Amino acid sequence: MNILKYGICAFALAFAVAAPAGAATISFAQDNAPQTGALSFTNGSETVSVVASQVPTGGTALIASYAGTNGGLGVCTSYISVLGEGGCGTVFGGGDSYLLDGGPRNNSAKEAVYLDFGLATIDLTSITFNSVSDGDTFDIISDQVAQAAYTIAAGASQQVFTFTTPIRGSFFGIGALGRNDNFTILSMGYNIVNPGPVVPTVPLPATGLLLIGALVGIGALRRRRSSGFAAVPA
């Protein structure tokens, strides 16, 4: 799905100090009003910025998130109003619902979200989907891993998809793949590969302390001499 491939900007960042890996989860089950800008989520350690996108780009893509039973991260596009199906409605009803979907007609408006972890590098291990229908599919791409498609297991409305091989990166695109696919993203599980560049604290060596002491002593001696306390010759 080109919406993901063309939306990724590769990052070339070199980190001087690497931190040990650690497991973490970030939740999108928060109430955030629909908007054209970015939403920001944090778990106390990492912060991710999320924006919405669509293909074709004939309308407006709004990003929103909701708490509760049917909550999660979703997208509403006004493009379908061109097709006579109404504009963006309220969540889960009226016009285009705030679900991530593959297009209401003939794949006309595929919806995707882009998640930016900034300078942190993570291994994405799992995604918890909500409002899942049987056979929903999605595709994902990152700034380090090529685009790939997956099928969410059928059954309960809420499903955890675990990647056999984690998806590494700092920037991710996730989209609904088929025209009948629709869901929200409730949370993501990941391992921290590198939290970003760390500026180490360099301790002052003992020789440095001695040098500072010597400079202080010289300054004191100069002050004494300028005040008339010079040594008297024998």
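This structure is a prediction, so every number in the text was calculated from the model and none was measured. We number each residue from 1, following the sequence as shown.
- With rounding to the nearest 0.5 angstrom, the CD1 atom of I127 is 4.5 Å from the CZ atom of F138.
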Tell me which donor-acceptor pairs under 3.5 Å the side chains of residues 151-167 have, and how far apart each pair is, sequence neighbours excluded?
{"unit_1": "S157", "atom_1": "OG", "unit_2": "S131", "atom_2": "N", "d": "3.3"}
{"unit_1": "Q159", "atom_1": "NE2", "unit_2": "A156", "atom_2": "O", "d": "3.1"}

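- The two residues A149 and L177 come nearest to each other via the heavy atoms CB-CD2, 3.6 Å.
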Which atom pairs, donor and acceptor, lie under 3.5 Å between side-chain atoms of residues 43-51 and protein residues at least two apart or in another chain?
{"unit_1": "N43", "atom_1": "OD1", "unit_2": "S45", "atom_2": "N", "d": "3.0"}
{"unit_1": "N43", "atom_1": "OD1", "unit_2": "E46", "atom_2": "N", "d": "2.9"}
{"unit_1": "N43", "atom_1": "ND2", "unit_2": "T25", "atom_2": "O", "d": "3.2"}
{"unit_1": "N43", "atom_1": "ND2", "unit_2": "Y190", "atom_2": "OH", "d": "2.8"}
{"unit_1": "E46", "atom_1": "OE1", "unit_2": "Y190", "atom_2": "OH", "d": "2.9"}
{"unit_1": "T47", "atom_1": "OG1", "unit_2": "T42", "atom_2": "OG1", "d": "3.4"}

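- When the side-chain hydrogen bond (donor to acceptor under 3.5 Å, both in side chains) test is applied to T128, the partners found at least two apart in sequence or on another chain are S187.
- Using a 4.5 Å cut-off on side-chain heavy atoms (C-beta onward), Q54 and V75 make no contact.
- Distance alone, capped at 3.5 Å, places no donor-acceptor pair between the T184 side chain and the G74 backbone.
- A donor-acceptor pair under 3.5 Å links the side-chain atoms of D143 to the main chain of F171, judged by distance alone.
- Contacts classified as salt bridge (Lys or Arg N to Asp or Glu O under 4.0 Å) and involving residues 147-164 (residues at least two apart or in different chains) are not found.
- Across every non-hydrogen atom of P34 and A64, the tightest pair is CA-CB, 3.8 Å.
- Residues in residues 32-53 take part in these ring-ring contact (aromatic ring centres under 6.0 Å, His included) pairs, two or more places apart or across chains: F28-F41.
- Side-chain N or O atoms of K110 include none that pairs as donor or acceptor with a backbone N or O of A176 at under 3.5 Å.
- The two residues I141 and A146 make their nearest non-hydrogen contact at CG1-C, 4.1 Å.
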Full working for side-chain contact (heavy atoms from CB on, under 4.5 Å) between Q30 and L39: CA-CA 10 Å; Q30 303 175 15; L39 294 180; over 6 Å; no
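- A distance of 10.0 Å separates CG of D139 from OH of Y150, quoted to the nearest 0.5 Å.
- With hydrophobic clusters built from ILVMFWY side chains whose heavy atoms lie under 4.5 angstrom apart, L186 does not share a cluster with I174.
- Residues passing the side chain to side chain contact (heavy atoms under 4.5 Å, CB included) test with N182 are L99, D101, S133, sequence neighbours excluded.
- Contact of the T121 side chain with the Q144 side chain is registered, since non-hydrogen atoms from C-beta on lie closer than 4.5 Å.
- The shortest side-chain heavy-atom distance between F129 and I185 falls under the 4.5 Å cut-off.
- The main-chain N or O of G71 is found under 3.5 Å from a side-chain atom of N130 such that the two form a donor-acceptor pair.
- Scored by the side-chain hydrogen bond (donor to acceptor under 3.5 Å, both in side chains) test, S126 finds no partners at all (sequence neighbours excluded).
- Across every non-hydrogen atom of A120 and S170, the tightest pair is O-OG, 2.7 Å.
- Remark: S27 engages no residue in a side-chain hydrogen bond (donor to acceptor under 3.5 Å, both in side chains) (not counting sequence neighbours).
- Inter-residue side-chain proximity for L73 and I63 is flagged as met; some heavy-atom pair is nearer than 4.5 Å.
- Looking only at distances, no side-chain donor or acceptor of S65 sits under 3.5 Å from a matching main-chain atom of G72.
- Proximity of I122 to F172: side-chain heavy atoms (C-beta onward) are separated by under 4.5 Å at one or more points.
- Applying the salt bridge (Lys or Arg N to Asp or Glu O under 4.0 Å) test to residues at least two apart or on different chains, the pairs with a partner in residues 119-130 are D123-R168.
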